[in-house]
Each structure stands twice: as C-alpha cells, then as structure tokens.
Amino acid sequence: MRCYIVYYFKIFLIVCAIHELTCGVISTATNEVYKKLLQLRSLPFEDCGSMFQVMYLKIDGCTTIPCTMKRGDLVDVRVLFDDNGSGVSFLKHEVRWVFNYVKTQAAISPDPCDGNQECIESTGDGKTYLAKVYVNTTLPVMRGRMLWEAKDANSNNLICFEVPVSITL
Ligand SMILES: *[C@@H]1O[C@H](CO)[C@@H](O)[C@H](O)[C@H]1NC(C)=O
Ligand SMILES: *[C@@H]1O[C@H](CO)[C@@H](O)[C@H](O)[C@H]1NC(C)=O
C-alpha cells in the first residue's frame, strides 16, 4: 500500500514537472487555504483600501472587538500581509484615533519601519510588521476607532485597516 502511495506520488511529481501549470494551480490553492486559516485566527478588522491584502491582525491584550486599550499603555500590533513577492522593506505608519469624527494622530514606534529594526520580516508568502502604538493619556475614555495606514516611500497606501477600540483608564 505504502509503495503504491510513493509510486503515485512520484508519478504526481513527474506529471507536475510536465504540467507546471497544473501544479501552479495546486500551489495557489494551498496558498489560499493558508490565507483562509490565517484570516480565521485574525482579529476582525475593516479594510479601508489596502493595496496589499491584510491576512492577519493581532493586537496585544485584545481578543474581542472593541479592543480595550488602557491610557498610557504601549500596545504591540502585528500585521501579516501579502506583498505579492515585491519585497516591501519600508513602511511609514500613519495611525489615527477617531472619536466622534475627530481624528488625532497616534504615536507609533518604530516609525518609519525601514527594515533595519526587525520591525518587518518575511513570513511564508508575505510580510509581517510589528509596531507599538502609544495610547496617549489625553485620549477620551470612550469608544472609537483606530485607523491604521502604512505607506511606502512614495506615500502609496499599502495597508489600511480600521478597528473599533474602547479607551479605558
Ligand atoms: C496582489 O495580487 C492580487 C492577487 O493576484 C491582486 O489582486 C492585487 O492587485 C495585487 N496587488 C498588488 C499591489 O500588486
Ligand atoms: C499626546 O497628546 C498630546 C495632546 O493631545 C500631545 O501634545 C502629545 O504630543 C501626545 N503624545 C504623544 C506621544 O503622541
């Protein structure tokens, strides 16, 4: 039985080599399954026009929406996105808090992430970036949103997502 499996697997590989196209489809399918799994484990977010697909979002200490964020805290944010193999190595963050339509700039570190600070790394098919957002002590204690944009050196918006947040004391 085992031999048959190996045998068929070998045949499969040979067929693959001949029909690269077929295998391309299979690896694309595997890639899609991987993306779906990541998306299932991600914190829910709203995409606001990303050029690259955001596959996974993690905000430290946040498992449900809205994300509770404590004034004065530095919060780790991890984002996995598919850069389509373009080798993104620079990200300028532009993050805003939105409360009742009033937007205030959030402080992010490191910013920009230029690839020399271990803030961006390759992960499987995509890239992961890690940044810290400062929950300013002057923020109102209420519900709002965190609007995160990450741009390239030419100010193209590579990533844009929004997450409901709730600021606490
Ligand atoms: C990345 O690839 C996807 C799927 O092939 C495509 O829809 C998207 O436009 C590409 N994005 C960029 C920035 O190349
Ligand atoms: C926090 O907010 C105050 C005023 O709202 C601002 O002056 C200060 O620069 C902010 N701090 C940081 C680290 O963004």
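In each ligand, atom 1 is the first atom listed, and ligand 1 is the first ligand listed. Note: hydrogens, waters and symmetry copies are ignored here, and every other heavy atom, side chains too, is used. What you are looking at is a predicted structure, and each value in this text was computed from that prediction instead of being measured.
Between F45 and F161, the ring planes are perpendicular. Angles over 60° get that label, and only those under 30° would be called parallel.
Remark: E46 pairs with no residue by the side chain to side chain donor-acceptor pair (under 3.5 Å) rule, at least two apart or across chains. Here T138 pairs with N136 under the side chain to side chain donor-acceptor pair (under 3.5 Å) rule; sequence neighbours left out.
Protein heavy atoms are found less than 4.0 angstrom from atom 2 (O) of ligand 2. Protein non-hydrogen atoms do reach within 4.0 Å of atom 5 (O) of ligand 2.
The protein atom (non-hydrogen) at minimum distance from atom 9 (O) of ligand 2 is N136 ND2, 4.8 Å.
Screening S89, S122, S86 for a side-chain hydrogen bond (donor to acceptor under 3.5 Å, both in side chains) with K127, the sole residue that qualifies is S122.
With 3.5 Å as the limit, one finds no donor-acceptor pair spanning the side chains of S166 and T68.
Taking only nitrogen or oxygen atoms, main chain and side chain alike, Y134 does not reach within less than 3.5 Å of ligand 2.
Atoms of ligand 2 lying under 4.0 Å from any heavy atom of A107, numbered from 1 in the order shown and given with element: 13 (C), 14 (O).
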